[in-house]
Enquirer: 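Quick one: the structure is below, questions incoming.
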Amino acid sequence: MAGRTILEFYPFDFDYINTPEGRAIIRVFGSTKEGKKIVVLDGSIQPYFYVIVNAERSDVALAQALRLKVKTEERIVQPVKVEILKRNLVGAPVTVLKIFVQTPSDIAVLKDEVKTLPGYMDRAESDINFYKRYMIDKEIVPLSKIRVEGEEVDHKGRYNADYVINAEKMEDLGEETISAPHILAFDIETYNPIGTPRMDTDPILMISFASNKGYEKVVTWKKFHNAPDYVEFVDSEMDLINKFVEIMRKEKPDILLGYNSDNFDFPYIIARANKYKIKLDFAIDHSNIKMAKKGRDVIARITGIIHVDIYPFVVNMLAPTMRTEIFSLDSVAEELIGEKKKEGVSWENMHTLWDAGGESLRKMVEYNLHDSKLTLKLMNTLSKTMFELTKLVNQPLFDVSRMTYGQCVEWFLAKRASKFLEIIPNKPIVTGTWSRTYEGAYVHPPKPGIYDNIVVYDFRSLYPSIIISHNICPTKLFCECCKDGNKTPETDGKTYSYCKREKGFIPTVLEDLINRRARIKEMLKKIDKGDEDYSILSARSYALKTIANAMYGYFGFAKSRWYSIECAASVTAWGRHYIKQVIADAEKAKFNVIYGDTDSIMLSLEGKTVGDANMFAEKVNKKLPGIMELEFQGFYPRALFVAAKKKYALADEKGRITIKGFEFVRRDWSRIAKETQMAVLNALLIEKSEDNAVKIIKNAINKLKAGEVKIEDIVIYTQLTKKVEHYDSIGPHVAAVIKAQKLGLKFEPGQIIKYIVTKGEGSISDKSYILKEYLDKGLEYDSEYYINNQVLPAVERIFEVLGYEKDELKGKVQTKLAGFFK
DNA sequence: CCGATT
DNA sequence: AACGGCTAATCGG
């Protein structure tokens, strides 16, 4: 068995172990193209961290660093090697000691001890995880094919893998990404007589699996007749958990997929497994599944198997661009892949179905399997984006799938810093009121009205292009060589200057991103949309754009390693400068500027042609520096602007309406109000009929009065952002929660509250009830509230544009509805 | 009615 | 563990 081996494989999980001698060995887990499991052991890199020292005393510091010794319970910890190097710390030249140690935990032991070194100034990179360090320094790109050369190890019993190799050489083979990883999705259902299931008393009822290799299964412990083939009955919850472990060992997926599995499925399974003393040791190295802390959340890690929880990815990366109100599997799947939920079963009635047994159980297993299949399908559409982001950020998929924008940017920069001899700065220690503010974007006041023929231009990637064109970088701020060069416009009464001679680290890597994206866009034009390459390249383009756009926000975020409020303020200062300049130029050229926001400008043509406008834009572009560019965004035959900023509707030539800012796009409005508003906008912009618009409002009011609305039409969604007792002001959703808590229902911060305003006495809060309580008690909704506080306000502002006074619309509807208003 | 909170 | 600008409803004194 053992012997020299060369293998090509896709690495996807990384950690380290210590040898009996106390040396750190990196473990790389991956799969070959044929799906064989591989573990690579690599002892070629040594853990280290930096100590920044006074340049004049660095020799003394070095000598003393070599003599450092700390006695711990197990052994004596000391540096194994120390080098003196010249590096930069956010642009400033520094002298550093690079202190190598035996094992990563030695860093924690020595990091305070080094403060005694002569000329000590600071330490750096002592908080970079060893496996992250390995990926950065060895330039191992996750999910991207590499060749390993080394000795095959006899690993009987140590690993549930096909190959274990002691690496001598690792070589990246370029861009080829893992093409067909084995993905297994799972989902559990639990007993929940009081709403939220309780881990200590309520059992797991069933567990489902669905894989991209066609495997489908539901395991449950209550029998019913003529069960579908995919159902496997066991005798008890204990047997169900044992079966779960057995299936995981046998299936050995590359990726294990869940939806909210970090916060729900795994903590639950672990708690129930503990009760029966079952070991969840299906990892590739037979270790138990581990729950780790990540900020306020917990995450479930399985060595050698990538546990991907789709939920945090959706919330962190996709939520801002999504329309859904709630991030349940059902609504997310509906928006992203157009799949509707299974009728008849819901989270709330799970325990009743289980108790009923028989046919109800059939519904339950179908529902349970459906959820695993939905999760798998979601991954089908998201995996390419996730994989591309993972390669770009250069961290394990396990980590990247849980990262926020800020974290993605940070690791993207960390990976590239060393090429510029830049040390990765420490995380700022942020206490108290840490969000210092600075002046943001400019919003040009809208001219309210309904217009024909509007053209929209925007600056292509405004903030990234400003960072690049004006060399905005914390490493080049107030540089020695050109202190007065490249001054920003005034912002908060100050100006900042950036080096003219040398390009900064961040503008350089950002420009590389933008250039790569431009090349991909060119390639995409030449490929067929159905092509496999097309989806990969568009995912790559999306990943590049995401990171580029997040760079500005990263500057302004106080917990960033490269935090720079000066850079953030400089970016918005230039942004205001350019948009104001374009607005002034457009007015000079006799265009009617209707509105502008941050990076966009909207012009009413009023006799001029689109060609005239394009000629104007061309003239603007000739003046713009660097890669900055004003781009034609669209022509709209009809548009509506209200008196408020950030609220408008555009109708394109195909009759499609784009809506910004209106209640229609907000979740804290009832559907009846939003749909009425949408229909009214449609009547005004497309049908061009005020009469129809009034009729639509009349219909909505009639339906509300007659009780003909569906329950979904009157539910209002609002997020519970903190614990109920921490609220200063009790809004309707909080008041509804307080009432429901008295019935024993449980709520957690972050949860989206569904409530309804009912008939009765008192304030709106007094009359608000959680949907469940509303249904259980058969309460009656307050049609007056939905008419006067939802439907009418949503349309009144639109009618003001048509010259109606505040209450005039109400009057107009009233005359058509005589008798309805008192 | 108005500032604070959401 | 991304920014600021902005609107609007509702609470609560």
Enquirer: Rounded to whole Å, please give me the gap between NZ in Lys293(A) and P in dA1(C).
Expert: 14 Å

Enquirer: Establish, for the pair Arg301(A) and Phe398(A), whether the NZ or CZ atom is under 6.0 angstrom from the six-membered ring centre and no further than 45 degrees off its axis.
Expert: yes

Enquirer: Could you give all pairs that pass the side chain to side chain donor-acceptor pair (under 3.5 Å) test and reach residues 752-762 of chain A, with sequence neighbours left out?
Expert: Lys759(A)-Glu780(A)

Enquirer: Measuring only the C1' atom in each nucleotide, how far is dT7(C) from dT5(B)? A whole number of Å is fine.
Expert: 14 Å

Enquirer: Categorize Phe555(A) for me: base, sugar-phosphate, or nothing, with a 4.0 angstrom heavy-atom threshold over every strand shown.
Expert: nothing

Enquirer: In whole angstrom, give me the gap between the C1' atoms of dT6(B) and dC6(C).
Expert: 14 Å

Enquirer: Between Asp399(A) and Lys294(A), does any side-chain N to carboxylate O distance fall below 4.0 Å?
Expert: no

Enquirer: With heavy atoms under 4.0 Å as the rule, sort Gly440(A) into base, sugar-phosphate or nothing.
Expert: sugar-phosphate

Enquirer: Does this structure show an ion pair linking Lys290(A) with Asp15(A), if we count only N-O contacts that are shorter than 4.0 Å?
Expert: no

Enquirer: Given atom OH of Tyr727(A) and atom C1' of dT5(B), what is their separation to the nearest angstrom?
Expert: 10 Å

Enquirer: Taking the six-membered ring of Tyr727(A), is NZ or CZ of Lys722(A) closer than 6.0 Å to its centre and within 45° of its axis?
Expert: yes

Enquirer: Can you tell me the distance, in whole Å, between the CZ atom of Phe557(A) and the P atom of dA2(C)?
Expert: 5 Å

Enquirer: Report the distance from atom CZ of Arg561(A) to atom P of dA1(C), rounded to the nearest whole Å.
Expert: 15 Å

Enquirer: Starting from P on dA2(C), measure out to CZ on Arg402(A) and report it in whole angstrom.
Expert: 16 Å

Enquirer: Pick base, sugar-phosphate or nothing for Tyr442(A), based on heavy-atom distances below 4.0 Å to the nucleic acid.
Expert: nothing

Enquirer: So which nucleotide from dA1(C), dC6(C), dG4(C) ends up closest to the side chain of Val443(A)?
Expert: dC6(C)

Enquirer: Could you tell me if Lys580(A) sits above the aromatic ring of Tyr442(A), with its cationic atom closer than 6.0 Å to the ring centre and no more than 45 degrees from the axis?
Expert: yes

Enquirer: With the sugar-phosphate defined as primed atoms, P, OP1 and OP2, and the base as all remaining atoms, what B/S/- string results for nucleotides 7-13 of chain C, 5' to 3', for protein heavy atoms under 4.0 Å?
Expert: SSSSSS-

Enquirer: Side-chain N or O of Thr404(A) versus OP1/OP2 of dA2(C): is the shortest distance under 4.0 Å?
Expert: yes

Enquirer: Please determine, for the side chain of Glu410(A), which listed nucleotide (dC3(C), dA1(C), dT6(B)) has the closest atom?
Expert: dA1(C)

Enquirer: Counting the atoms with a prime plus P, OP1 and OP2 as sugar-phosphate, which does Lys722(A) contact under 4.0 Å by heavy atoms, base, sugar-phosphate, or nothing?
Expert: sugar-phosphate

Enquirer: CZ of Phe412(A) versus P of dA1(C): gap in Å, rounded?
Expert: 23 Å

Enquirer: Between P on dA1(C) and CG on Asn426(A), what's the gap in Å once rounded to a whole number?
Expert: 19 Å

Enquirer: When you look at Arg402(A) and Asp262(A), which way does the salt bridge (Lys or Arg N to Asp or Glu O under 4.0 Å) test go after all the steps?
Expert: CA-CA 10 Å; Arg402(A) 291 166 176 78; Asp262(A) 275 339; 2.7 Å; yes

Enquirer: Given atom CD of Gln407(A) and atom P of dC3(C), what is their separation to the nearest angstrom?
Expert: 13 Å

